[in-house]
Amino acid sequence: MPTLLVKNAQVLVTMDNHRHEIENGGIFIKDGFIKAVGKSDQLPSKADQILDLKGHIVLPGLVNTHHHFYQTLTRVVPDAQDANLFNWLKTLYPIWARMRPEDIRVSTQTALAELALSGCTTASDHLYLFPNGSKLDDEIEAALEIGVRLHASRGSMSLGESKGGLPPDSVVEDEDQILKDSLRLIEAYHDSQPGSMTQIVLAPCSPFSVTGDLMRESAALARQYGVQLHTHLAETEDEVDFTIQKFGKRPVAYMEEVDWIGPDVWFAHSVYLDEGEIGVYAEHGCGVAHCPNSNMRLASGAAPILDMLAAGVNVGIGVDGSASNDGSHLLEETRQAMLLARLRAGIQGASRSGKSDQKIMTARGALELATIGGAAVLGRSDIGSLEPGKAADFTAINLNRIDYAGALHDPVAAVAFCAPVKVDYTVVGGKFVVKDGQLTSLDLPVQIEKHNQAAARLLNN
Ligand SMILES: [Zn+2]
């Protein structure tokens, strides 16, 4: 029965219902779950292991709600640097089609290493092409070695160019095979218990790369097994035009038609939602993975996040794939979520003094999206906050650093306002994934070398 006592944190952010922030805070952990949270002098004084976090801020582990780990192999590809979404995809599909199982493994570990070093303890990933014998199993096995919780989305593409879709026929799969593999993965890996390390998600890629039949059948299969559904939706105006032309309706109405509206569904992006569509999400409990860097990088637009939150939509943060970010830094993404919401408010007139009462995204609001918000989007009540009974997932940052110099009157806000930093500790289920600023499970220089070799092979092929 291993116990871990975390004590003396300068401030501990709980994200509980009252949003308590505890000075000189600590956590008592047993068997991977939190037994007590409070002032350090009110916690048990003995444990198998003690971590003194004097001078640190402690936050709940951050939750990443959208990624494509494999894209860490194709950052800043010259021909895709300045393209919009559809042209970016068409440039990259043939490069991705060269991936092998070992590329899935190395990119998974690189992405999770980056995420963990930015405070992430749970990550969702969306893998939607399986070239040259690659499987989702390659990603799941590689993730278990790192120790970050994984929601592995069995993505898919079935609507090739010859059938009016965007991807080339060479990267799409047969729909019966997709559904068969989805079922196999659920039965092999899906764990819905509290503290689960691996969950399976069914995730046809987007309205422009799969058929309505595959959407419907994936939804039925997911609901039979109680797994979540995920896809990209309303990312760009091109996509809205596509669904209107091909299906005669806007993206959210199309999702209603294919039975993809419910509390078990979360959508990446949702930049182009109108008020009625936000209302549909709110009424039915659909979640949103907000990916501000990607939306700016691809010139997609600024999602109406404050309107979604005001309507009661669950919103989390996602770094999105590393070919459109081009990083996996969740604290940076949190900062960008705050700044992009302010930019959108400014464009809408928030800078006029008559409108100064307009709501604005706060630092604490952005941190909520990155923690408890993301947990809700992934359908998890066992993570996202530091409270008794929850999984022992947290991250800690030493406040004595140049990045925060002059900001220590409000360390919590500093985490979102100041330049993003690498964290000092990331702990998942009571186990150290990052300790003293170093990954515990990877030799990083070796990993970087392997990753660069794989990327060079894909690009120079
Ligand atoms: Zn994406």
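Whatever order the structure lists ligands and atoms in, that order sets their numbers, starting from 1. Computation of the quantities below employed the complete heavy-atom set of this structure, encompassing side-chain atoms and omitting hydrogens, waters and symmetry-equivalent molecules.
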Original post:
So is R154 actually on top of F130's ring, under 6.0 Å and inside 45° of the axis?
Top reply: yes
Original post:
For the residue pair H232 and H269, does the interplanar ring angle fall in the parallel (under 30°), tilted (30 to 60°) or perpendicular (over 60°) class?
Top reply: parallel
**OP:** Work out how many protein N, O or S atoms lie closer to the Zn ion (ligand 1) than 2.8 Å.
**Re:** 4
Original post:
So do the side chains of L166 and K90 get within less than 4.5 Å of each other, counting heavy atoms only?
Top reply: yes
Original post:
Charged N to carboxylate O under 4.0 angstrom, D103 versus R98?
Top reply: no
**OP:** List for me each residue that meets side-chain hydrogen bond (donor to acceptor under 3.5 Å, both in side chains) alongside E283, sequence neighbours excluded, and say none if there are none.
**Re:** none
**OP:** May I ask you to check whether D320 and H68 show a side-chain donor-acceptor distance below 3.5 Å?
**Re:** yes
